[in-house]
Amino acid sequence: MKKVIFFVFSIVIVNNIFAHTGGNVEYTCPLCGRRFESYTQFSYTIFGQNLDLRRYGAAIIPSPIPKCISCNFVFSDDFFSEEEIIVLKEKLKVNNIFEKEPDMPNHYYLAREAEIVNRDLVDIIWWFLSGVWENKDENLENMLMNITIKYIDKLNEKSKSYNNYQLVKLDLLRRSGKFEEALALIEIIKTYGEFYNDYIIKIIDLQIELIGNKNQDEHQLP
C-alpha cells in the first residue's frame, strides 16, 4: 500500500524537453509493518546506454527502491509474495544481512534477499549490477564489481543472457583494473560464433582500445 505525499518535477533540455519526475511516496514495510516515506521515480527520459548496460539520461539509474527505516528491508510493492516474506522473516533472524553488511546499496540488499528466496539467477545478477550503478562509495566499487562477476560466472552457458552478461563482465573487469583477465575474456568472446558480429566487434574494439590505455572509466556503447 502506498500513498503519494508530494510531487517534484524537474526538466533537462537537450534539443527538446526531457523530463524526470518523482516524489515522496508512503510505503508499508511487508516485513515489519512500519510506514515510512521514500523518494520514488515516476517517469524519466533515457538518452543511451553504457558498456555495462547502464542507461543514462534525465533519470536516476537505477530507479530508487524503498528501504524500511526500522528493519532496513528493501522492497517494492508486491515484489515478494506472502510466502516469501515468511521465509525472509525467518532467514533474516538468523542471518541479518543488514547488520553483517552495513551501508551497502539498496539494490545489493535486494539481490541478497532475492537469493534467500531462490529467485532467478539472471534477475539476481541484474540487481547486483544495479548495486554497482547505485553505489557512491569508491571503497566499495571493486568489491561490488567482483561480487557481480562472481554471480555472472554462475550462469549456465545455455542461458539466453549468457553472452550479453559476458560483455558486462568484460566491462567490469576493465573498470576494476583486471586488464589481463579482460583481454583473456575478449579472446573467448571472439569464439562465440554468430554472436561475435558487426556491432559486438565494435564493442570489443572499443574495449581493446580502453584496455590498452588502462582506462577504467565508464563509457557509452559505440
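All values reported here derive from a predicted model rather than from experimental measurement.
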Taking the side chain as every heavy atom from C-beta outward, state whether [X] and [Y] have any pair of such atoms under 4.5 Å apart.
X	Y	answer
Glu101	Arg112	yes
Leu183	Ile211	yes
Val132	Arg175	yes
Asn106	Pro66	no
Gln216	Phe179	yes
Ile204	Tyr196	yes
Leu144	Glu134	no
Ile188	Gln166	no

**Request:** With side chain to side chain contact (heavy atoms under 4.5 Å, CB included) as the test, would you mind laying out the steps for Tyr192 and Ile200 before giving the verdict?
**Result:** CA-CA 10 Å; Tyr192 286 174; Ile200 302 303; over 6 Å; no
How many angstroms lie between atom [atom1] of [X] and atom [atom2] of [Y], to the nearest 0.5 angstrom?
X	Y	atom1	atom2	answer
Leu167	Ile186	CG	CD1	10.0 Å
Leu129	Leu53	CG	CG	7.0 Å
Leu185	Ile189	CG	CD1	4.0 Å
Phe42	His20	CZ	NE2	9.0 Å
Asp120	Ser161	CG	OG	8.0 Å
Leu170	Ile203	CG	CD1	9.5 Å

Mind listing the closest non-hydrogen atom pair of [X] and [Y] along with its distance?
X	Y	answer
Asn135	Asp137	ND2-O, 2.8 Å
Gly131	His107	N-CB, 3.7 Å
Val117	Phe80	CG2-CE2, 4.1 Å
Leu210	Leu51	CD1-CD1, 3.9 Å
Asp103	Leu140	O-CD1, 3.7 Å
Pro30	Phe73	CG-CE2, 3.7 Å

side-chain hydrogen bond (donor to acceptor under 3.5 Å, both in side chains) against [X], all qualifying residues, sequence neighbours excluded:
X	value
Asn215	His219
Ser76	none
Asn50	Glu218
Lys100	Asn95

Any donor-acceptor N/O pair, [X] side chain to [Y] backbone, under 3.5 Å:
X	Y	result
Gln49	Leu221	no
Tyr27	Cys68	no
Arg55	Ile61	no
Gln41	Ala59	no
Thr21	Ser43	yes

**Asked** Can you list every pair that meets ring-ring contact (aromatic ring centres under 6.0 Å, His included) and has a residue in residues 115-174, with sequence neighbours left out?
**Response** Phe79-Trp127, Tyr108-Phe128, Trp126-Trp133, Phe128-Tyr151
**Message:** Let's go through Thr148 and Lys169 carefully: what are the C-alpha distance in whole Å and the side-chain angles of both, what is the deciding distance for side chain to side chain contact (heavy atoms under 4.5 Å, CB included) to 0.1 Å, and is it a yes or a no?
**Reply:** CA-CA 8 Å; Thr148 305; Lys169 176 182 175 179; over 6 Å; no
**Message:** Between Lys178 and Asn146, do the side chains contain a donor N or O and an acceptor N or O under 3.5 Å apart?
**Reply:**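 Distance-only check passes for Asn146 and Lys178.
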**Message:** Is it true that, when you exclude Lys154 itself, more than 12 heavy atoms of the residues, nucleotides or ligands shown sit nearer than 6.0 Å to its NZ?
**Reply:** yes
**Request:** Answer yes or no: does atom CG of Asp78 have more than 12 heavy-atom neighbours from other residues, nucleotides or ligands under 6.0 Å?
**Result:** no
**Prompt:** Hey, any chance Val74 and Ile86 share a hydrophobic cluster, counting ILVMFWY side chains that come within less than 4.5 Å of each other, even indirectly?
**Reply:**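 Shared cluster, no.
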**Request:** Check the pair Tyr56, Gln220 against side chain to side chain contact (heavy atoms under 4.5 Å, CB included), reporting the backbone distance first and the verdict last.
**Result:** CA-CA 9 Å; Tyr56 61 87; Gln220 298 173 16; 2.8 Å; yes
**Request:** Go through the structure and list residues passing ring-ring contact (aromatic ring centres under 6.0 Å, His included) with Tyr109, not counting sequence neighbours.
**Result:**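 By the ring-ring contact (aromatic ring centres under 6.0 Å, His included) rule, Tyr109 matches Phe98.
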**Request:** Would you mind checking if Asp171 and Arg174 are paired as a salt bridge, meaning a charged N to carboxylate O distance below 4.0 Å?
**Result:** yes
**Message:** Is there a side chain to side chain contact (heavy atoms under 4.5 Å, CB included) between Asn213 and Glu209? Walk through the geometry before answering.
**Reply:** CA-CA 6 Å; Asn213 294 328; Glu209 179 184 346; 4.0 Å; yes
